[in-house]
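The block underneath contains the structure these notes are about, expressed in structure tokens.
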Amino acid sequence: SPAAVGFVSEDEYLEIQGITREQSGDYECSASNDVAAPVVRRVKVTVNYPPYISEAKGTGVPVGQKGTLQCEASAVPSAEFQWYKDDKRLAEGKKGVKVENRPFLSKLIFFNVSEHDYGNYTCVASNRLGHTNASITLFELPDNPIASRTSPASPGSASCPPCTV
Ligand SMILES: *[C@@H]1O[C@H](CO)[C@@H](O)[C@H](O)[C@H]1NC(C)=O
Ligand SMILES: *[C@@H]1O[C@H](CO)[C@@H](O)[C@H](O)[C@H]1NC(C)=O
Ligand SMILES: *[C@@H]1O[C@H](CO)[C@@H](O)[C@H](O)[C@H]1NC(C)=O
């Protein structure tokens, strides 16, 4: 809103120089004279900007478990995502791997991690204003010793936090 960002113009025009993405939003224009009550109109201002990746975290997974790499990017228009492993683009429909894209988030899901899945992945986020990338590592964790050693004396240990991916 104009009040929140401190823009007030008494003119016919409101000129915002060097606009930033925080200044997106609804602006109000009010016109009045001595004869009638003011007329107010809202104008929606959209600020486009190239993607920036706000979160890209590596994850450790034991062989044979499900692993998910996540890449979060902010952009307007919203980003499109691509994944690479060691600079090779991941083929669509690769067996056992799925990419889930949402406007601000891409997930690379391995349903059953095998030795050759470990390594460095690159998430590329792009829109028509630009692109950026981040490197994410899928690394090997030893099979969870607590989960496989669940004893009858401690039933609660079956839900150990490291099991969640
Ligand atoms: C994961 O892959 C291994 C090796 O291909 C296989 O032996 C195992 O049964 C698979 N596990 C699941 C849950 O599909
Ligand atoms: C992954 O990237 C890290 C940091 O750039 C590097 O040290 C490591 O050797 C890479 N691993 C592989 C398997 O390429
Ligand atoms: C990631 O960005 C760097 C630096 O801009 C660039 O050199 C590299 O080629 C990019 N990698 C991919 C896979 O797009």
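Numbering of ligands and ligand atoms starts at 1, following listing order.
- For atom 5 (O) of ligand 1, the nearest non-hydrogen atom of the protein is N112 ND2, 4.8 Å.
- In terms of protein heavy-atom proximity, atom 10 (C) of ligand 3 is nearest to N133 ND2, 2.4 Å.
- Taking the side chain as every heavy atom from C-beta outward, K107 and R102 approach each other to under 4.5 Å.
- Every residue two or more places apart in sequence or in another chain that forms a salt bridge (charged side-chain N to carboxylate O under 4.0 Å, His left out) with R42 is listed here: D26, E28.
- The shortest N or O to N or O distance between Y84 and ligand 3 is not under 3.5 Å.
- Within a 4.0 Å radius of atom 7 (O) of ligand 3, the protein has no heavy atom.
- The CZ atom of F139 sits 11.5 Å away from the CG atom of N120 when rounded to the nearest 0.5 Å.
- Within the 4.5 Å cutoff, the side chain of L105 has heavy atoms near those of the E72 side chain.
- Protein heavy atoms are found less than 4.0 angstrom from atom 14 (O) of ligand 3.
- You'll find the side chain of V99 stays beyond 4.5 Å of the side chain of F81, heavy atoms only.
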